[in-house]
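First up is the structure itself, then whatever we jot down about it.
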Amino acid sequence: MQCGVGHFTQRLAQAMERATPGRCVEFPLTRSEGSLPALWKLIGCAGTVVCNFPIVAWKRVILRPLLALAMARLRGRRVVVIQHEWSSLNWMRRLTYLPALLLADSILMFSPLVKRQLADGPMVGWLAKRCVLVPLPPNIEAPQASADSPLRQRLIEARRDGRLVIGHFGSIYPGKQPEALLEIGAVLKQRGRRPLLVYIGSFIRGVDRAEEAFHARVARLDMADDVIVSGFVASESELFGLFEPIQAFCYQLDEGLTARRASIMAGAQSGRPIIVTAAVDADEFAHHPRLQALIGSGAIVTVPGGSRYEAYADAVEAALGRRFEPPPFDFEGWWSDTVRAVAAEL
């Protein structure tokens with residue numbers, strides 16, 4: 001299944017191969033790919049085995065990655081686990097990833113907040129000593145030319161009609177508080193701004209019935225005509241074509257902005273202002289100077305944690321009312337930083 005972690009894994013393998021030709025092999029493990037004999041043979045030729053978590057289809061395919069890591073330890077190979085999230089995951093998912101963390105020599109994380117979540121966990125907090133922070137780059141690179149689509153034309157027409165088009169990019173799941181933007185939109189609607197909230201992404205299926213709760217909130221706020229959910233967009237050129245009519249992106253996050261929000265970094269390439277909840281801790285971006293620079297330039301506008309929805313509406317209106325020249329975005333530089341940090345652990 002398509003997901004941000006899966007996309008990151010592919011990008012990382014490609015970037016590592018460019019940086020160290022012939023030294024990195026990508027080996028997909030799915031229900032139909034990656035036989036165990038072939039995996040055993042490949043691990044015998046490897047110095048380090050790297051695995052990324054979480055996996056979207058975890059109940060169907062989690063066993064193979066865990067077997068790969070167990071094989072690596074049996075053969076005396078180094079094990080590196082890249083763990084993108086922790087406390088925001090369902091407890092059942094955390095339980096399945098725990099064997100991987102126990103097998104790991106190094107656990108790479110992208111956010112001090114996630115590292116603290118692991119450190120605070122009962123019985124597993126000692127594993128945080130194995131954690132190393134690395135800077136996360138965006139998965140998606142702005143193409144030279146964007147592509148048109150029926151939805152893009154619909155958004156352009158909404159702009160012509162005087163609507164305020166606000167974006168929310170990435171997979172839709174409870175950890176991103178997608179329903180909060182509905183409340184912010186309702187505030188803007190009361191102010192007569194005629195918002196159109198565009199969720200560019202698709203819902204992640206899970207046990208929490210997030211999609212049903214989202215549509216129930218839309219109905220309660222009487223915003224059925226003010227919300228669009230695009231579904232999965234496979235083409236980067238089509239994706240950035242959808243970014244063009246967006247006037248601002250907005251996210252209210254209970255945990256605040258963290259250094260693992262690749263979707264926000266991808267949106268920053270559009271040159272549109274991004275309004276988001278401020279980080280909980282001052283050191284959240286100490287290991288990630290490029291993300292710090294985005295905040296310092298005003299490309300990312302932070303709203304203090306605990307603020308009411310009205311404060312986000314104010315920030316959206318203020319961002320659209322100022323002149324802003326987005327800084328250049330060095331996509332390759334972001335990935336070079338990540339490759340150096342990961343390579344140091346291999």
Side-chain angles (χ1 to χ4, degrees), residues 1-85 93 96-110 114 127 130-141 143 171 234-236 260 262 265-266 331-346:
M1 294 174 65
Q2 295 287 345
C3 72
V5 173
H7 197 179
F8 169 83
T9 305
Q10 294 172 338
R11 282 269 192 192
L12 179 62
Q14 293 162 4
M16 294 292 292
E17 173 62 22
R18 288 195 300 270
T20 56
R23 298 190 62 188
C24 181
V25 176
E26 182 181 355
F27 192 76
L29 296 173
T30 71
R31 288 189 294 177
S32 59
E33 297 176 282
S35 70
L36 295 183
L39 179 60
W40 177 264
K41 182 178 179 180
L42 184 63
I43 289 173
C45 303
T48 304
V49 174
V50 184
C51 196
N52 273 273
F53 296 109
I55 299 169
V56 173
W58 60 284
K59 287 181 282 189
R60 286 177 282 174
V61 298
I62 187 63
L63 184 59
R64 286 171 178 256
L66 296 180
L67 283 174
L69 300 183
M71 289 179 187
R73 292 309 295 260
L74 283 172
R75 304 201 68 166
R77 285 2 182 213
R78 183 169 173 76
V79 170
V80 173
V81 169
I82 303 179
Q83 187 72 42
H84 293 244
E85 301 180 56
R93 299 188 73 181
T96 62
Y97 301 137
L98 186 56
L101 301 186
L102 291 169
L103 290 168
D105 294 290
S106 289
I107 303 169
L108 306 190
M109 289 185 168
F110 301 103
V114 179
L127 289 170
R130 301 181 185 179
C131 292
V132 177
L133 291 172
V134 300
L136 180 69
N139 287 338
I140 300 165
E141 181 179 12
S171 299
S235 162
E236 293 184 358
R260 77 178 196 280
M265 301 172 203
F331 184 86
E332 291 300 326
W334 284 62
W335 270 98
S336 294
D337 293 349
T338 302
V339 166
R340 282 193 297 270
V342 173
E345 293 302 312
L346 303 187

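The figures that follow rest on heavy atoms only: side chains count, while hydrogens, waters and symmetry mates do not. Numbers here simply count residues along the sequence, with the first being 1.
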Non-hydrogen side-chain atoms of Val114 and Arg260 separated by less than 4.5 Å: yes

Which residue pairs pass the side chain to side chain donor-acceptor pair (under 3.5 Å) test with at least one member in residues 12-28, sequence neighbours excluded? none

Could you state the interatomic distance from CD1 (Ile62) to CZ (Phe53), rounded to the nearest 0.5 Å? 4.5 Å

Can you name the residues that form a side chain to side chain donor-acceptor pair (under 3.5 Å) with Arg64, not counting sequence neighbours? none

Using distance only, find each side-chain donor-acceptor pair of residues 131-140 under 3.5 Å and give its atom names and separation, not counting sequence neighbours.
residue : atom : partner : partner atom : Å
Asn139  : ND2  : Gly4    : O            : 2.9

Would you check if Leu39 and Phe27 make a side-chain contact, meaning some heavy-atom pair closer than 4.5 Å? yes

Heavy-atom closest pair (Arg77 atom, Arg73 atom, distance to 0.1 Å) is O-CD, 4.0 Å

Side chains of Pro28 and Glu33 in contact at under 4.5 Å (non-hydrogen atoms): yes

So OG1 of Thr48 and CG of Asp105: to nearest 0.5 Å the spacing works out to 8.5 Å

Would the distance check show the side chain of Arg75 and the main-chain N or O of Ala70 forming a donor-acceptor pair, the cut-off being under 3.5 Å? no

Sub-4.5 Å side-chain heavy-atom contact between Met16 and Val50: no

Please examine the side chains of Ile107 and Val80, heavy atoms only from C-beta on, and report whether any two atoms are closer than 4.5 Å. no

Give, for atom CZ of Arg93 and atom CG of Leu98, the distance between the pair rounded to the nearest 0.5 Å. 15.0 Å

Please report the C-alpha distance between Trp335 and Glu141 in whole Å, then the side-chain angles of each, then the deciding distance to 0.1 Å, and finally whether the side-chain contact (heavy atoms from CB on, under 4.5 Å) criterion is met. CA-CA 11 Å; Trp335 270 98; Glu141 181 179 12; over 6 Å; no

Could I get the full list of salt bridge (charged side-chain N to carboxylate O under 4.0 Å, His left out) partners for Arg11, not counting sequence neighbours? Glu236

For Glu332, all residues meeting salt bridge (charged side-chain N to carboxylate O under 4.0 Å, His left out), sequence neighbours excluded: none

Point-to-point distance, once rounded to the nearest 0.5 Å, from SG of Cys51 to CG of Leu108: 11.5 Å

Partner set under salt bridge (charged side-chain N to carboxylate O under 4.0 Å, His left out) for Arg78, not counting sequence neighbours: Glu345

Looking at side-chain heavy atoms only, is the closest gap between Val61 and Leu29 below 4.5 Å? no

Using side-chain contact (heavy atoms from CB on, under 4.5 Å), reason through Phe8 and Ile82 one step at a time and then give a plain yes or no. CA-CA 11 Å; Phe8 169 83; Ile82 303 179; 4.3 Å; yes

What distance do Leu66 atom CG and Ile55 atom CD1 have between them, rounded to the nearest 0.5 Å? 7.5 Å

Using ring centroids (six-membered ring only for Trp), state whether Phe110 and His84 fall under 6.0 Å. yes

Between atom CE of Met71 and atom CG of Leu42, what is the distance when rounded to the nearest 0.5 Å? 11.0 Å

Provide the closest heavy-atom pair for Ala15 versus Val339 in the form atom of the first, atom of the second, distance. CB-CG2, 3.5 Å

